[in-house]
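Heads up: the structure comes next, in structure tokens.
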Number of protein chains: 2
Amino acid sequence: MATGERRGDLFDEACPTRHLLDRIGDKWTSMVVKVLTDAHPHEVRFAEVRRRAPGISKKMLSATLRSLERDGLVTRRVEDSVPPRVHYGLTGLGLSLGGPLAVLREWAETNMAEIDRHGQLWDAGRG
Amino acid sequence: MATGERRGDLFDEACPTRHLLDRIGDKWTSMVVKVLTDAHPHEVRFAEVRRRAPGISKKMLSATLRSLERDGLVTRRVEDSVPPRVHYGLTGLGLSLGGPLAVLREWAETNMAEIDRHGQLWDAGRG
DNA sequence: CAGCATCCTATGGGATACTG
DNA sequence: CAGTATCCCATAGGATGCTG
């Protein structure tokens, strides 16, 4: 991703879910999309996105945003000033992704605690 | 994952979606869950899961199933025979994950073609 | 400010061979 | 049959420093 490369996996055609997860399943994409979704229709500047996605490095934010822009989910607008200001926003496609992500989030909020609890019991039984 | 280890990322508490994607966003989990969801309420044996998730190695199938079992999404039942037969199925929790995954899949089926097309245009403009 | 370049490590995951 | 064990490599992604 950092290089802008994309792999064309055989399973991409066979399994759309896998294909999508290849794009949004990495460490930062879902958080960046959420930041831009929450801000919509307002654009958000690079540093501000970074502030709202705690922990992300400049390198990864840059790579994540470029990947999203490449896929047509995010717009990038450079304000011609010194120092430069770059504004990011969602395309219609990017905005539409908010629905599925919200569903995922809702399920996660309801069930991740149980998953964690189960995992801890499991680990304890192996200690 | 292969070792059964789990990282406790700081963002897990802050972002449930990220937390969930840490579990299902890897290469095989979503496909394995889909196989078991499609088969439900019937259980599926190890080799049969493998057949329905083309390309997965024994190692990765083993690791993926164990991870899902650890998280309480999948049941594992060993039939006492020689050679052994091991049957996998979904728990209620695992079954409930089918909803969100179907939403993801639907969005992907509708939009991944456009994403790919956009990405190819982008790449062409950089060639 | 908004990045890119570079270096580095940990991890995911494939190939292959072995086992109860 | 249903796994483990081992080896190997490609990649994700963090840390740091430089630049227009």
Side-chain angles (χ1 to χ4, degrees), chain A residues 1-11 18 21-32 35 43-70 74-89 126, chain B residues 1-11 18 21-32 35 43-70 74-89 126:
Chain A
M1 191 167 77
T3 61
E5 280 303 324
R6 282 293 174 194
R7 67 192 113 133
D9 212 289
L10 287 172
F11 309 103
R18 261 282 62 248
L21 286 174
D22 266 353
R23 311 300 176 97
I24 67 166
D26 71 310
K27 187 163 183 179
W28 296 110
T29 297
S30 64
M31 288 194 65
V32 170
V35 165
E43 293 179 317
V44 187
R45 289 177 58 189
F46 186 88
E48 183 59 26
V49 177
R50 229 191 134 192
R51 227 162 282 129
R52 302 187 193 181
I56 193 171
S57 66
K58 287 196 284 184
K59 172 186 162 183
M60 286 316 296
L61 178 54
S62 186
T64 302
L65 284 168
R66 189 155 8 86
S67 176
L68 285 167
E69 192 194 356
R70 196 200 95 113
V74 156
T75 58
R76 179 178 187 270
R77 184 171 62 84
V78 182
E79 193 180 325
D80 194 3
S81 59
V82 179
R85 295 154 175 246
V86 184
H87 305 259
Y88 292 92
R126 312 264 155 152
Chain B
M1 193 167 71
T3 62
E5 280 304 325
R6 280 293 174 194
R7 69 192 110 132
D9 212 290
L10 288 173
F11 309 102
R18 261 280 64 247
L21 287 174
D22 266 351
R23 312 300 177 94
I24 67 166
D26 70 310
K27 186 161 182 180
W28 296 109
T29 296
S30 64
M31 287 195 66
V32 169
V35 166
E43 294 179 317
V44 187
R45 289 177 57 188
F46 185 88
E48 185 57 26
V49 177
R50 230 190 133 193
R51 227 161 283 129
R52 302 187 194 181
I56 193 170
S57 65
K58 287 195 283 183
K59 171 185 162 183
M60 286 315 296
L61 178 55
S62 187
T64 302
L65 286 168
R66 191 152 10 84
S67 176
L68 286 167
E69 192 194 356
R70 196 199 96 112
V74 155
T75 59
R76 179 178 187 270
R77 184 172 61 85
V78 182
E79 192 180 325
D80 193 5
S81 60
V82 179
R85 292 154 178 245
V86 184
H87 305 260
Y88 292 92
R126 313 264 154 150

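Please read these numbers as outputs of a predicted model, since none were measured by experiment. Order of the sequence lines fixes the chain letters, A, B, ..., with proteins taken first and strands second; residue numbering starts at 1 for each chain.
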Would the distance check show the side chain of B:Arg18 and the main-chain N or O of A:Trp28 forming a donor-acceptor pair, the cut-off being under 3.5 Å?
no

Any side-chain to backbone donor/acceptor pair from B:Thr64 onto B:Met60? Under 3.5 Å, distance only.
yes

Check whether any side-chain nitrogen or oxygen of [X] sits under 4.0 Å from OP1 or OP2 of [N], and answer yes or no.
X       : N     : result
A:Arg66 : C:dA2 : no
B:Tyr88 : D:dG3 : yes
B:Arg51 : D:dC1 : no

I want to verify a distance call: between [options], whose nearest atom is closest to the [X] side chain?
X       : options               : value
B:Arg76 : D:dG14, D:dA2, D:dC1  : D:dA2
B:Pro84 : C:dG3, C:dG14, C:dG20 : C:dG20
A:Ser62 : C:dG13, C:dC4, C:dC18 : C:dC4
A:Asp26 : D:dG13, C:dG14, D:dA2 : D:dG13
B:Arg45 : D:dC1, C:dG14, C:dA2  : D:dC1

Considering all heavy atoms of both residues, which atom of B:Ala53 and which atom of B:Met31 are nearest to each other, and what is their separation?
CA-CE, 4.0 Å

Expressed in angstrom and rounded to an integer, what is the separation of [X] atom [atom1] from [N] atom [atom2]?
X       : N      : atom1 : atom2 : value
B:Met60 : D:dA2  : CE    : C1'   : 16 Å
A:Arg50 : D:dG14 : CZ    : P     : 11 Å
A:Leu61 : C:dC4  : CG    : C1'   : 13 Å
B:Glu79 : D:dC1  : CD    : C1'   : 11 Å
B:Lys58 : C:dG14 : NZ    : C1'   : 14 Å
B:Arg85 : D:dC1  : CZ    : P     : 9 Å
B:Arg77 : D:dC1  : CZ    : P     : 17 Å
B:Ile56 : D:dG3  : CD1   : C1'   : 13 Å

Confirm from the modelled atom types if A:Lys59 and C:dG3 form a donor-acceptor pair under 3.5 Å, side chain to base only.
no

Heavy-atom donor-acceptor pair, A:Lys27 side-chain to D:dG13 base, under 3.5 Å
no

Start with the C-alpha gap between A:Phe46 and A:Leu65, add the side-chain angles, then the distance that decides, and say whether side chain to side chain contact (heavy atoms under 4.5 Å, CB included) holds.
CA-CA 9 Å; A:Phe46 186 88; A:Leu65 284 168; 4.0 Å; yes

Side-chain ion pair, B:Glu48 and B:Arg51, N-O less than 4.0 Å:
yes

